[in-house]
Amino acid sequence: MEETIIILDFGSQYTQLIARRVRELNVYCEIHPFNKIPEKKENIKGVILSGSPFSVYDKGAPRPNLKELKKNYPVLGVCYGAQLLALEDGAEMIHSTIREYGRANIGYVNYENPLMKGVSSGSQVWMSHGDTITHLPKTYEPIASTEDVQVAGFWMKDHNIFGLQFHPEVYHSVEGKLILENYLVNVCKCSQSWTPISFIEDSVNGLVKQLGNDKVVLGLSGGVDSSVAAMLLHRAIGKNLHCIFVDNGLLRKNEFETVLQQYEGLGLNVKGVDAKERFLGNLKEATDPEKKRKIIGSTFIDVFDEEAHKIKDVKWLAQGTIYPDVIESVSVNGPSVTIKSHHNVGGLPAKMKMKVVEPLRTLFKDEVRVIGSALKMPKDILSRHPFPGPGLGIRILGDITAEKVRILQEVDQLYIEGLKKNDLYDKVWQAGAILLPIQSVGVMGDERTYENVVALRAVGSTDGMTADWSHLPYEFLAKISSDIINKVKGVNRVVYDISSKPPSTIEWE
Ligand code: XMP
């Protein structure tokens, strides 16, 4: 079994960041809800307790019993996690109504301590907490202090129990990664052998065993996740992987043809299905965004199901689900546990009654890209912006017609090509054009026009949960605006969306 670190999640916004840092240090880790305390297992090398939006003194704050855990594993508590560790053994803390937030510098540091080896005095760390430990139990000892916080770090003397009041996982804690590495290597004795290549080997071997000579069907979307999932499966089972790529008529201009060619070039066994008319027919006169989503989703399921049943004896449905889709998240409104559903393909497995295989289930998005690149997939696929399942269907506000799709596809193509030509494509996280359901007055030559308005959107983000509008250069926006108005018949006005998420969303519908 693979060496694993378990991160118990108490609801901090930084929990996933801890996991990513641990993986960057080549150690496999998993995030579990705080109340799923792991039983003693050989392959679990250590446990990290995350921060939390709660104060340890809040009513309803998650306070699991950690006694067994401390006996069984080396434990590192971060912020709230640190306070919990110490509180259980009699630490005292003050609860401040003001949260201490931001930079601080380590003054005292105990270099002898295995967690603090190599950390420099004066090193910048990032604090974000309401409670502060004022008094440690006798069995504990401070290992780091800042000017304001005497117990910025502690350990339980001669035990593998450590706490940090600051967040080593954030970028602003300059030597945070070193501290985490100290924990993984000096304390947990991890061998740091988890790499993209080792992942590919392990996962291909696992898939060969799991799938044997069975046939698998997978829906390709043109996006990174389903493409990398397909490549991994292809390595494992070759021609037994049957891919289906559906043209729902709401893809980008020429995307169906180009992407299909790319997939065939990669050696995938892929069938392109032209279902444009069917989607447009079903969408006729639908205007409500959620209704449109439902129609597109259920039409996709029908088309996919029909196609999959043409493959004789297919037993498995493969999906490109990634780790953030399956982490059991801790609700900040209480210690209840909810599970996110995968909004892309919801309903498909139920309808198809097949066994599901998800080769990327344990990976973060950036890791999927690394794996894809180790599998020698073209950069074109790996650096593609996210594109919603319902495609242009939720970027044509209101009802959808073939003519509106044509207009938006042309606008979108000029915009995306423009971003690429000006080296801006890789600098934004996602970009797209939106066709607004209004006309505005314009003048072209000597003629008054009364035509469509399109909005351009580009955002920076890391996961789509929050996003900021991209500050694209004015010169670029000016050039694109005139290109669009001059070249796309039916558009006489271009606007740029300067809203961030929250409170706006990335898509307009
Ligand atoms: P929002 O608009 O919620 O978008 O800020 C966040 C990210 O999710 C994508 N998105 C979708 N993806 N089906 C999808 O597969 C959908 O219905 C859907 N709605 C939004 C959006 O493009 C962005 O990347």
Side-chain angles (χ1 to χ4, degrees), residues 16 218-229 244-252 255 259 279 282-283 286-301 303-304 319-327 329 340-349 358 360 364-366 368-369 381-398 400 408-409 411-412 415-416 419 425-436 454-470 497-509:
Q16 290 197 21
L218 176 138
L220 286 168
S221 68
V224 181
D225 304 342
S226 65
S227 309
V228 175
I244 295 173
F245 182 33
V246 178
D247 186 356
N248 59 10
L250 302 163
L251 301 174
R252 296 194 138 119
E255 193 174 8
V259 173
F279 277 87
N282 289 354
L283 279 165
T287 53
D288 175 70
E290 283 315 298
K291 183 141 189 246
K292 290 198 291 185
R293 272 195 176 79
K294 285 217 171 79
I295 295 173
I296 296 168
S298 69
T299 310
F300 176 81
I301 291 175
V303 173
F304 189 84
Q319 296 193 308
T321 316
I322 62 170
Y323 198 40
D325 302 321
V326 294
I327 294 173
S329 56
K340 273 205 250 174
S341 67
H342 196 265
H343 64 198
N344 244 340
V345 283
L348 199 51
E358 296 173 318
L360 308 178
F364 287 107
K365 189 94 179 176
D366 40 357
V368 174
R369 290 206 174 92
I381 294 185
L382 299 177
S383 60
R384 192 166 286 161
H385 288 170
F387 188 66
L392 301 182
I394 53 168
R395 293 186 182 166
I396 294 170
L397 308 195
I400 300 169
L408 189 58
Q409 278 182 336
V411 171
D412 179 82
Y415 181 39
I416 299 295
L419 286 169
Y425 185 83
D426 290 332
K427 296 192 178 116
V428 306
W429 189 78
Q430 183 172 17
I434 299 103
L435 182 64
L436 307 189
V454 291
L456 304 182
R457 182 112 169 100
V459 295
S461 178
T462 50
D463 53 10
M465 303 296 280
T466 59
D468 198 5
W469 62 277
S470 302
D497 184 351
I498 52 168
S499 333
S500 291
K501 173 183 180 175
S504 304
T505 48
I506 297 176
E507 303 296 345
W508 281 40
E509 283 197 335

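Every number for a ligand or one of its atoms is a count from 1 in the order of the listing. This structure is a prediction, so every number in the text was calculated from the model and none was measured.
- In the vicinity of Gly389, heavy-atom distances shorter than 4.0 Å reach the ligand 1 atoms 12 (N), 13 (N), 14 (C), 15 (O).
- In terms of the salt bridge (charged side-chain N to carboxylate O under 4.0 Å, His left out) criterion, Asp468 has no residue partners (sequence neighbours excluded).
- Of the polar atoms of Ile394, none of the N or O atoms is found under 3.5 Å from an N or O of ligand 1, judged by distance alone.
- Ring-plane geometry between His385 and Tyr425 is classed as parallel, the angle between the planes falling under 30 degrees on a 0 to 90 degree scale with a further cut at 60.
- Residue Lys501 has at least one nitrogen or oxygen atom sitting less than 3.5 Å from a nitrogen or oxygen atom of ligand 1, judged on distance alone.
- Side-chain contact between Ile396 and Trp508: absent, with no pair of heavy atoms (C-beta onward) separated by less than 4.5 Å.
- For the residues Arg457, Arg293, Glu507, the heavy atom positioned nearest atom 21 (C) of ligand 1 is part of Glu507.
- Of the heavy atoms in Trp429, only side-chain atoms (C-beta onward) come closer than 4.0 Å to ligand 1.
- Partners of Ser499 by side chain to side chain donor-acceptor pair (under 3.5 Å), not counting sequence neighbours, listed by chain and number: Asp497.
- Each of Ile400, Val303, Ile295 was checked for a side chain to side chain contact (heavy atoms under 4.5 Å, CB included) with Phe279, and the lone residue meeting it is Val303.
- In terms of N/O distances under 3.5 Å, ligand 1 is not approached by Gly464.
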